[in-house]
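Single-structure report; data block below.
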Amino acid sequence: MAQGHSASSDTGFDRVSGVYDILTWLVFGNKLHDAQIIYLHRIPPYAIILMIGGGSGWLLREVLRRCKPRQIIYIEASARMLAKARKAVQEDGRVVFRLGNETVINPSERVDVVITPFFLDLFTEERLATSIVLRLRQTLKAGGLWLVSDFVQTNSWWQRLLLKVMYVFFGLTAGIEARRWPNWPRLLQQSGLQSGEQQERVSGQVITGWWAAS
């Protein structure tokens with residue numbers, strides 16, 4: 001995909017915004033939520049944070065509650081999800097809400113922390129390499145942290161089947177771009193990030209951790 005990828009094609013979660021959190025809970029319980037908060041303590045006080053693909057805003061609320069951010073740039077392609085996030089934090093003045101995808105990031109912007117919660121696995125490796133990871137990496141300051149929670153491919157047949165079913169389901173309902181799992185950990189490493197601490201969750205199907213920018 002080219003870097004000028006249109007945000008309009010990433011808005012499919014509008015169609016599932018009313019049931020997404022419920023579906024996630026029915027399949028995984030609180031495990032995905034728990035994974036996303038493990039490394040929030042790594043965020044330094046008064047950091048400028050960019051969070052993209054945060055959905056309905058529950059994690060945004062947790063970051064505001066647990067950390068002391070100077071500013072959070074909150075990017076979400078789904079207008080309905082963005083509206084939910086605004087409501088979740090009651091228009092907190094520290095949050096700048098932006099409707100769109102990675103293309104709404106100003107090239108001159110620099111942040112201390114990037115957060116991508118269950119976001120990277122929605123896209124093809126080509127889109128990640130040429131646009132998403134590239135833009136986010138350029139935005140992250142030297143010494144900054146990238147917090148990731150996302151699905152990974154395992155050797156378990158039933159987990160591979162579940163992942164395939166999820167791609168088919170969200171491809172049909174939300175129109176996500178990816179049709180199979182992209183190797184996002186390799187792309188982060190290739191972007192020059194240094195792997196920090198990671199933990200496995202959901203029997204190894206989810207990795208949550210942080211990467212550092214040199």
[X] side, atom [atom1]; [Y] side, atom [atom2] - distance, nearest 0.5 Å:
X: M51; Y: L59; atom1: CE; atom2: CG; answer: 4.5 Å
X: I37; Y: L32; atom1: CD1; atom2: CG; answer: 12.0 Å
X: N106; Y: R135; atom1: CG; atom2: CZ; answer: 10.0 Å
X: L50; Y: Q71; atom1: CG; atom2: CD; answer: 9.5 Å
X: Q159; Y: T154; atom1: CD; atom2: OG1; answer: 3.5 Å
X: I49; Y: I43; atom1: CD1; atom2: CD1; answer: 4.0 Å

Under the 3.5 angstrom rule, does the side chain of [X] hit a backbone N or O of [Y] as a donor-acceptor pair?
X: T208; Y: A35; answer: yes
X: Q138; Y: P107; answer: no
X: E125; Y: P182; answer: no
X: T130; Y: E126; answer: yes

Nearest heavy-atom pair of [X] and [Y]: which atoms, and what distance?
X: Y39; Y: W210; value: CD2-CD1, 3.6 Å
X: G54; Y: E76; value: N-OE1, 3.6 Å
X: P117; Y: Q36; value: CB-OE1, 3.0 Å
X: A213; Y: R137; value: CB-NH1, 3.8 Å
X: H41; Y: I38; value: ND1-O, 3.1 Å
X: W184; Y: F151; value: NE1-O, 2.9 Å

Working for side-chain hydrogen bond (donor to acceptor under 3.5 Å, both in side chains), residues E109 and T139: CA-CA 6 Å; E109 284 182 314; T139 304; over 6 Å; no

Do [X] and [Y] touch side chain to side chain, with heavy atoms closer than 4.5 Å?
X: W181; Y: R160; value: no
X: P185; Y: D150; value: no
X: S191; Y: L134; value: no
X: N101; Y: R127; value: yes

Please indicate whether R110 has more than 12 foreign heavy atoms, meaning atoms of other residues, nucleotides or ligands, lying under 6.0 Å from its CZ. yes

May I ask you to check whether over 12 heavy atoms, not counting those of E62, lie within 6.0 Å of atom CD? yes

Checking side chain to side chain contact (heavy atoms under 4.5 Å, CB included) for the pair T116/I132: CA distance, chi angles, key distance, verdict? CA-CA 11 Å; T116 52; I132 295 173; over 6 Å; no

Do the ring planes of Y74 and F97 sit parallel (below 30°), tilted (30 to 60°) or perpendicular (above 60°)? perpendicular

Set out, in order, the CA-CA distance, both residues' side-chain angles and the distance that settles side chain to side chain contact (heavy atoms under 4.5 Å, CB included) for F118 and V206, then state yes or no. CA-CA 9 Å; F118 293 96; V206 167; 3.8 Å; yes

Determine the sole option in R70, K68, K141 for which the salt bridge (Lys or Arg N to Asp or Glu O under 4.0 Å) test with D112 is passed. K141

Take Q194 and S214, measure what side-chain hydrogen bond (donor to acceptor under 3.5 Å, both in side chains) needs, and give me the verdict at the end. CA-CA 7 Å; Q194 301 299 314; S214 56; 4.8 Å; no

Hydrophobic cluster identity match, L128 and V104, side-chain contacts under 4.5 Å: yes

Go through it in stages, so that I can follow the logic: the residues are R186 and Q190, the test is side chain to side chain contact (heavy atoms under 4.5 Å, CB included), and I'd like the CA-CA distance, side-chain angles, deciding distance and then a yes or no. CA-CA 6 Å; R186 183 184 65 196; Q190 290 175 349; 3.5 Å; yes

List the steps, then state whether side chain to side chain contact (heavy atoms under 4.5 Å, CB included) holds for L136 with I105. CA-CA 8 Å; L136 294 176; I105 301 172; 3.6 Å; yes

